[in-house]
Amino acid sequence: MTRLNRPEVYGIVFVVALVVGAILVAGANPFEVARAAVQRALFTRAGFLEALLRTVPLTIMGLGIALSFRAGVFNIGMDGQLIAGSALAVALAPWLPGGAAGIALFLALGIAGGAAWGGIAGLIKARLGGNEIITTIMLTYVATQLLSWLVRGPMQEKMRIIPRSDPIDAALRLPVIVEGTRIHAGFLVAVLAVVATAFVVRRGRYGFKLDVVGQNASAAAYAGMNPAAIAGMVLAVSGGFAGLAGAVEISGVYGRLQEGFAPGFGISAIAVALVVRLNPWLVPVSALGFSLLYAGLGSVAQKALVPFPLINIIEGAVVFLFLAASVMPARVPAGAKSDG
Amino acid sequence: MTSDPSERVGFVALQAVTKRFGPVVANRSVDLQVGAGEVLALVGENGAGKSTIVNMLSGLFMPDEGRILMEGQPVRLHSPSVAVRAGIGTVHQHYMLVPTLTALDNIALQQTELGLGRLDRAALAARVRQVAADLGFSLDLDSRIDGLDVAQQQRIEIVKSMMHAVRLLILDEPTAVLGADDRRHLFEVIARLKGQGTAVILITHKLEDVFAIADRAVILRGGRVVAASRVADLTAAAIVAHMVGTADSGKAEAIATGSHRRGGAPAGATAVCRVRGVTLRRANGSVAVSGLDVDLNAGEILALAGVEGNGQSELVACLAGMSRPYGGTIESLGERSDGRRWGAARLRALGLRHVPEDRRRYGIVGPMSLARNYLLGNQDRPAFFRWGLVKTRRLRDAVAARLAEYQVVAPGPETPMQNLSGGNQQKTVLARELGADTRILLAAHPSRGLDIKTIRFVHSVLEEARAKGAAILLQSSDIDEIMAVADRVIVFSDGRVFGPAACDTLSRAQLGSWIAGHQEVTP
């Protein structure tokens, strides 16, 4: 039996009340806001396609989060790793060949850049025991400032008007796979990443090592693994996922390097992965769900139904609700057992 | 505050107290009492049930049967704070101090736990100094714990436990880590407390302690009181005899399989592991063993005995490749402990297996399935992997077969490890660690906490591995077990090393004496 006096339930009720209250204070009708968001995300073609487009990077990054969190390593700095991967790929793009090989190399450069940026935090963790939460957040600030400088300095477009790079060669762009939309081949990259990650997690030696390190580091050492090295390495691996997501976004959507092209994706990816409890097969589902939410709320913001900061509050509240809800089923068996 | 004999009897008493942990009976119908101004020594081997008595008196466990009396009245010590309020102070063997805080703050920590609320440091410091002065200590209250040696830490623990009106002070193995001078100081303090009318229970395995300070001794074996007597009426030999029991005790009979060969390492034995001039340090930095030389031969069981904390665990950790010795070298399966490749992964690849002392911490991953737990330590062996992916079906079949062979009671290989009982978890670990390619087996307390039937099974498994030529190091503190299965034994005791000696030329009493660090007799 579900008991309704659990803390998660209180939390959910409290948050819903807060958000509804905030919307009312802002002078809007909460039902109208909800209707507009759902309408846009689910019942307009543009809204749904926009959500699908965003699902691709969120899925790839959610997989990277799942890997590192499984090892008990909290990579909070995917935003920085994404920037590092994108910047490296765009910087070296002029020397790449065209065609499929070129695109593959472009994405590989993205992975390499992200892995290197995550690897810095990994090295600090493995060698010096530095806390990855601090280092990855700090490295994100560094990456953000570096990007800001790059697109105003050495990598700025030839016209030198807007802080952005010149577009990459059209031969390096991921082709559109659904005619009349912006849905690009990055979609297939994401599908591939899901399958590969799921296999590694469920059946792979590497996935096994990550799980052991995450669940019992002493046992990992006993079994002859090096928990510190594995924890450090997984930061590079998940950084590689972030870099891949960045390269896919640039090659598939933007075509050039610019500021703020993946705002807060690294943090959203954490929610994406946590809601499905780090299960790679379900990461795309969760990523689509969050993308629909962002698409819907984006339209609410555009229509100025409520002040813009309130949108962020609603986003945060929804993430919270999902996380609380995902905790609940896990606790039911324990509760039921204790009931007798 | 009196030494009148009539009041000294039975200030605190246990009556017919029994405590079980699952199938294991830790204390069986224990009667004991301690009077005001009396020092009672509680003596016994590891696992004799001393700590359980301490934990019941300090409010950590409640007895399953029987009762605890204070001044003749039954009391329910259902939490540590109740025990403290009742006037029972405990100094645990492993100090409960926060290393990064000062001595004063550590004492303050306990005060706020008891609801003092706001902290008046100056007043507390004055009270601490008063208590310390009564005990004859001079303490530096502002130095951090991690800058103090163990004897100073112990004094802080004693002061901490004496901050309340303590009428019974329990000292759990207080001399285990002390040098001679510090030990003498401690005994002066105990004598002073005794003079103030405080009852003292002294848990110890050292016979010198008993004769130096105790008035009476209660000797435990297998959870029972086997002797209780005035120390003046006891001899060292009598205590050892009570502690180790005799070979015809029920337990020894139950675990002796009777069919195994014995007689030390066979002639022309090949040493697979050579320990040369090894120095081992405890976690707190003190030297546990130095200059250790011993060989581990193929086809023998070498028992590593002694009271815990004398370097046995450190030696096993070194042999397992989880650490390197502080001094000297170990050469095992062709690898040297000062070599670059020394490590658990390399040694495992060469045929080392390890049944760890702390199963839950090292040996298993609780939430994982039995099948995945079987991969632990086998993660680099090609048998279960293809292209970095687990051969799921092959693994499941192999695990199912091993579980059946070892009579593990479990629904199947997909069951989470944490759903199994301790005995079945241990069997699963043994099934994993013992295979055809096992060349060295480090078995640390492999039968601890198991029931008799499972213990017998574990011993048969060890003997089988020996018959196949494996070299087995059996870390054990159970004399019955050592005498039943081991070929040779080596004892660590307070920095000294006794043996290795062949078990069939060694008497139980001699082994018991070595463990107690009491007398040095060459076999």
Side-chain angles (χ1 to χ4, degrees), chain A residues 66-67 69-73 126-127 129 192-234 237 240 277-281 327 329-334 336-338, chain B residues 316-317 320-323 341-350 352-369 371-396 416-419 425 429 432-433 442 444:
Chain A
L67 285 178
F69 278 40
R70 287 187 84 94
V73 174
R127 286 288 163 85
L192 217 63
V194 169
V195 174
T197 309
F199 263 91
V200 166
V201 165
R202 292 270 173 233
R203 288 190 51 194
R205 172 187 286 149
Y206 186 64
F208 173 71
K209 287 183 176 179
L210 292 182
D211 283 359
V212 174
V213 170
Q215 294 178 32
N216 187 345
S218 302
Y222 153 83
M225 305 174 197
N226 183 342
I230 290 173
M233 183 58 86
V234 80
V237 170
R277 294 205 226 167
L278 314 180
N279 178 344
W281 286 121
V327 171
R331 291 181 48 160
V332 168
K337 218 183 273 173
S338 69
Chain B
V316 172
M322 293 167 75
S323 57
R341 294 196 295 184
W342 182 259
R346 175 68 185 157
L347 290 171
R348 277 182 172 274
L350 294 169
L352 177 109
R353 297 290 179 268
H354 179 193
V355 177
E357 182 175 10
D358 187 341
R359 177 179 60 236
R360 289 152 64 88
R361 179 152 176 228
Y362 292 103
I364 61 173
V365 183
M368 281 190 183
S369 69
R372 296 209 118 201
N373 268 283
Y374 199 82
L375 286 179
L376 207 60
N378 292 327
Q379 72 273 2
D380 293 320
R381 295 216 288 174
F384 295 123
F385 292 94
R386 184 190 295 136
W387 302 321
L389 294 181
V390 183
K391 294 178 186 169
T392 312
R393 185 165 305 147
R394 177 155 180 187
L395 173 67
R396 198 185 300 139
M417 182 61 110
Q418 62 199 5
N419 291 9
Q425 288 180 351
V429 171
R432 178 183 73 205
E433 298 299 317
L442 306 173

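Chain A is the first sequence line, chain B the second, and so forth, proteins listed ahead of strands; every chain is numbered from 1.
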Hey, can you pull the donor-acceptor pairs under 3.5 Å for the side chains in residues 196-206 of chain A, sequence neighbours left out?
from	atom 1	to	atom 2	distance (Å)
A:Thr197	OG1	A:Ala193	O	2.6
A:Arg202	NH2	A:Asn279	OD1	3.4
A:Arg203	NE	B:Val390	O	3.2
A:Arg203	NE	B:Thr392	OG1	3.2
A:Arg203	NH2	B:Val390	O	2.7
A:Arg205	NE	B:Gln379	O	2.7

Original post:
Does any heavy atom of chain A fall under 4.5 Å from the side chain of B:Arg348, the backbone, both, or neither of them?
Top reply: side chain
Subject >> Per-residue contact mode, B:Leu347 against chain A (heavy atom under 4.5 angstrom) >> reply: neither
**OP:** Check each atom of B:Met368 against the heavy atoms of chain A and say whether the ones under 4.5 Å are side chain, backbone, both or neither.
**Re:** both
**OP:** State, with a plain yes or no, whether a side-chain heavy atom of A:Lys209 is found less than 4.5 Å away from one of B:Asp380.
**Re:** yes
Original post:
Tell me, side chain or backbone of B:Arg432 under 4.5 Å from chain A's heavy atoms, or both, or neither?
Top reply: side chain
Subject >> salt bridge (charged side-chain N to carboxylate O under 4.0 Å, His left out) partners for A:Arg70, two or more places apart >> reply: A:Asp211
Subject >> Check: B:Asn373 side chain, B:Gly366 main-chain N or O, donor-acceptor pair, under 3.5 Å >> reply: no
Original post:
Can you check side chain to side chain contact (heavy atoms under 4.5 Å, CB included) on A:Phe208 and B:Leu376, steps first, answer last?
Top reply: CA-CA 9 Å; A:Phe208 173 71; B:Leu376 207 60; 4.2 Å; yes
Original post:
Of the backbone (N, CA, C, O) and the side chain (C-beta and beyond), which part of B:Arg360 lies under 4.5 Å from a heavy atom of chain A, both, or neither?
Top reply: backbone
Original post:
Among B:Gly321, B:Gly363, B:Pro367, B:Gly343, who wins on heavy-atom pairs under 4.5 Å with chain A?
Top reply: B:Pro367
